[in-house]
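What you see is a predicted model; the values in this text were computed from it and never measured. Naming convention: chains lettered A, B, ... in sequence-line order (proteins, then strands); numbering from 1 in each chain.
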Amino acid sequence: MERIAVEALARREGGVGYAGRIFEQTQRIIHDTGGQAGALIRVLQQAQGMIGYLPPPVLKTISRDLKIPLSEVYGIVSFYHFFTMVPKGKHVIQVCMGTSCYVKGGQKLLDTLKKAVGLEPEGMTPDGKFSLETVRCLGACALSPVMTVGGDIHRKVEPAGVMEILSRYK
Amino acid sequence: MERVNSIADLEEIKAMVRPLLLVREDPDYTRIREAPQIDILICRGTGCTAAGSGEVEEAFKDAVKRNGLEARVRVIKTGCRGFCEKGPNVTIFPGDILYTEVSAEDVSEIVEGHLFGGEFVQRLLYKEPVTGKATPASHEIDFYKKQRREVMHLNGLIDPWSIEEYIAHDGYRGLAKALLEMKPEEVLEEVRKSGIRGRGGAGFPTGTKWGFVHSAPGEEKFVLCNGDEGDPGAFMNRSVLEGNPHSVIEGMTIGAYAIGNVRQGYAYIRAEYPLAIETMSNAIRQAREYGFLGEDILGTGFDFEIDIFPGAGAFVCGEETALMRSIEGERGNPRQRPPFPANKGLFDKPSTLNNVETWSNIPRIILKGGDWYSSIGAKGNTGTKTFCLVGKINNSGIAEVPLGTLMKDLIFDIGGGCPGGKKFKAVQIGGPSGGVIPYKHIDTPVDYESITGLGAIMGSGGLIVMDEDNCMVDVAKFYLGFTQDESCGKCTPCRAGIPKLREILTRISEGRGRMEDIDLLAELGGMIAEVSLCGLGQTAPNPVLSTLRHFREEYEAHIIDKRCPTGVCKPLVAYHALEDKCMACLINIAGFEAGGYEAINQALLDFIPGRVIQKVKPSGGCVVDLARFLMTCAQREGCGECVPCRVGTTQMLGMLEDIAAGNGTLGMLDLLIELGDTIKIASRCTFGTSAADPVLSLIKHFRDDFEEHIIDKHCPSGMCKLPLSYHMVCPIRPSVVATFRGEAELAKALV
């Protein structure tokens, strides 16, 4: 349900011709990177960078144009953590669950966040504002525990300070 | 830009740029007021940037402009200088004065006080954690003083976005020497002589590895750089890529020349490091412009190109065959070796894959000679190694030391020990593939063989320090969660074995462990290590096996005493009231020896007349449990001749078991009474007519308890396997003892 609502939201904001534009852009990416060794992963990375996630129609277009079976494309998408077939919120919250963050209270931070936004990891709020995910080590271990919101790294986050951080994102 | 074609060209650039950088070698801070040149170096590594060094950089630029200092003061952004704990870091030359945890608001104070006044801003200087003494010059801080920086020697000292600053520090001189003055075989020999071993963790001699690829038949070969630094808790490769990218490019180009028939290299960098990818891309572009990459490098006719391949977030892609699959655009599944990548690697062509740190060592080995390199470190373990000190340690960051340095020196002298005066317990080395080194082995020298001898591995160099508050069972469980997630699923031992190991650990951490589990862990772990396909599976049991080896007593405490000594494993936590703190809220339980749940129950019985005491009446046990027990006896001992007794007791027992398990309904209570009455009336002998009596009377007198089992799914005495009550010092008013039912309620209160 959530996913449908968000797709509808994206379509509404994208305006007329949204689906067509996505299709065109996907094809342009394929054209630009085509022929290169390992093109598939690069195409997927760029497509996701543009659309935010990889809905089935995009995968089908990629499969057809690169002449790679859809099953194989899906195999790649599901293998690498970087790819997602679920749309993401406006602000993506990432909680680091690397070792350093874990020993310094990353789990507690995640638990607090789950409650604060009412989400399980990989979920998104119904208004599309936040989505929550966990990552394995952002390499900012000296700043543990770390979370990022929309790409901004927040360091040494105390569970008590979570709401204040989230309130900065409208 | 003119292409560089000879050593003389390089010398020319160096002669032009180096004088401008000399100020960064001037340790005399007293001249700051009259110094003709002042450099303000701002760390823009990921750590410091996250801490706000971007704003600090802007503020400095503004301040310089406002004060009309443009001609004299340069504001330069550098790569990571490894002191991430105290970021944002700002270093001012002349003097090498380090300011830590600088914010944009502090900038004007630094400019006025230090630049104009010649006085340090005391409050921003670094203070040694033990003595509290302020140390202004960074080269005098213990953290830096006790290191030997070879790989990291330019990190934090040059602008990683400027190739000229790299050249000014003899950059690309190693490449020029190799291409213009040495045969490929001579380069190989030099690397062999240096004794450098793979810095990715396995420690295979790099010279030998290159030799294999060199002698493998093939017209097309590849060199690859492994920047898929997936070990949680390790970020030294990222620091090199962000702080000194040209050293990696130069190293790869030298490698390509030495191996021969190589025209293409790939740098595989994980997507979680966007800044590293950006810095590296820029460096590759610059190197191409100057003629260090591309066609006809340095006018020698040697062609070589490097492409960056951004990883897509899969830990297993750090394994060489998986990484090559990934570049080919496929799932990163490892494959059986042999054939080794030296013969059949990327696109089935001979390939060598080396770690970022290995590559960045190569230029200096060629320039200064293999003998120079092998004079550093210990025999068989030459050179330096970078380590990431993280976790419960005062000076988190990157430390580089010669191999063979004692672990003790690394953690206490450089790292400054554990914060808050806590006791050091163990250090995890080698990430999810490694193991722990406990305090009693802290005198071990850090080299490949000694670390392996203790059941850990060197790995890429992440050191996660743990203090007395960390539970070893929990840490082992954490790592297995990681490897389980990251297993590619191709081979069974890894795919099926790791979840089994984790299941056993979960059982132990929840107090359901058995003594046999310890042997089972060892046996299963050994099996997974032996028969898995790739390095991920082969090393995945290491955290379990090594914690088991060094902290067996902690496992036993979980299993035998049902106690987690550190209090990390939540289901095993025993809460107790603090005698001196408890004033009185609902219950006054002051005056008894703190001793966990049982003792509190006893205290409740002793101190509180009335409701509480009645509820726990049947010898402190649970009425539902008692009813179930009595009904079991009745059902088992009946002769079975008459139906009401035979069938009725069985049915009553079933319902009581449901209630005890938390599956009861209120209707069952009425049904129990009805059925009990029926049995009483209709049974043939006195055994039957009295069989239901105890249960009926229990329901009559303790209906509350039955309802609590049914409605709240809670057993007040904790005998039924329902969520327990927890008693703890009230989180709101520490002077008060509070009671929580079940873990959910407790967790809510704890946050």
Heavy-atom pair count under 4.5 Å with chain A, highest-scoring of [options]:
options: B:Ile464, B:Leu389, B:Val316, B:Thr46; result: B:Ile464
options: B:Ala314, B:Gly313, B:Cys84, B:Ala312; result: B:Ala312
options: B:Gly230, B:Ser239, B:Pro310; result: B:Pro310
options: B:Val475, B:Ile393, B:Asp474; result: B:Asp474
options: B:Met466, B:Glu272, B:Lys86, B:Glu85; result: B:Glu85

Could you tell me which portion of [X] (side chain, backbone, both or neither) has an atom closer than 4.5 angstrom to a non-hydrogen atom of chain A?
X: B:Tyr273; value: side chain
X: B:Cys317; value: side chain
X: B:Pro432; value: neither
X: B:Asn395; value: neither
X: B:Arg331; value: both
X: B:Ala271; value: side chain
X: B:Phe482; value: both

Name the region of [X], side chain, backbone, both or neither, that has any atom closer than 4.5 Å to a heavy atom of chain B.
X: A:Leu143; value: side chain
X: A:Ser78; value: side chain
X: A:Thr99; value: both
X: A:Arg155; value: side chain

Interatomic spacing from OG in A:Ser100 to CG in A:Leu138 - rounded to 0.5 Å: 11.5 Å
Nearest-0.5 Å distance, CD1 of residue B:Ile414 to CG of residue B:Asn394: 14.0 Å
Do the side chain of [X] and the main chain of [Y] share a donor and acceptor less than 3.5 angstrom apart?
X: B:Lys392; Y: B:Pro419; result: no
X: B:Ser351; Y: B:Lys349; result: yes
X: B:Glu486; Y: B:Phe315; result: yes

Lys/Arg-Asp/Glu bridge criterion (N-O < 4.0 Å) met for A:Lys114, A:Glu120: yes
Is A:Asp152 paired with A:Arg168 through a side-chain N to carboxylate O contact shorter than 4.0 Å? no
A:Tyr169 and A:His154 aromatic ring geometry - parallel, tilted or perpendicular at 30°/60° bounds: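 Because their plane-to-plane angle is over 60°, the rings of A:His154 and A:Tyr169 count as perpendicular.
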Hey, what's the ring geometry for B:Tyr266 with B:Phe222, parallel, tilted or perpendicular (30° and 60° as the breaks)?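 Ring orientation, 0 to 90° scale: tilted.
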Taking the six-membered ring for Trp, are B:Phe143 and B:Tyr126 ring centroids under 6.0 Å apart? no
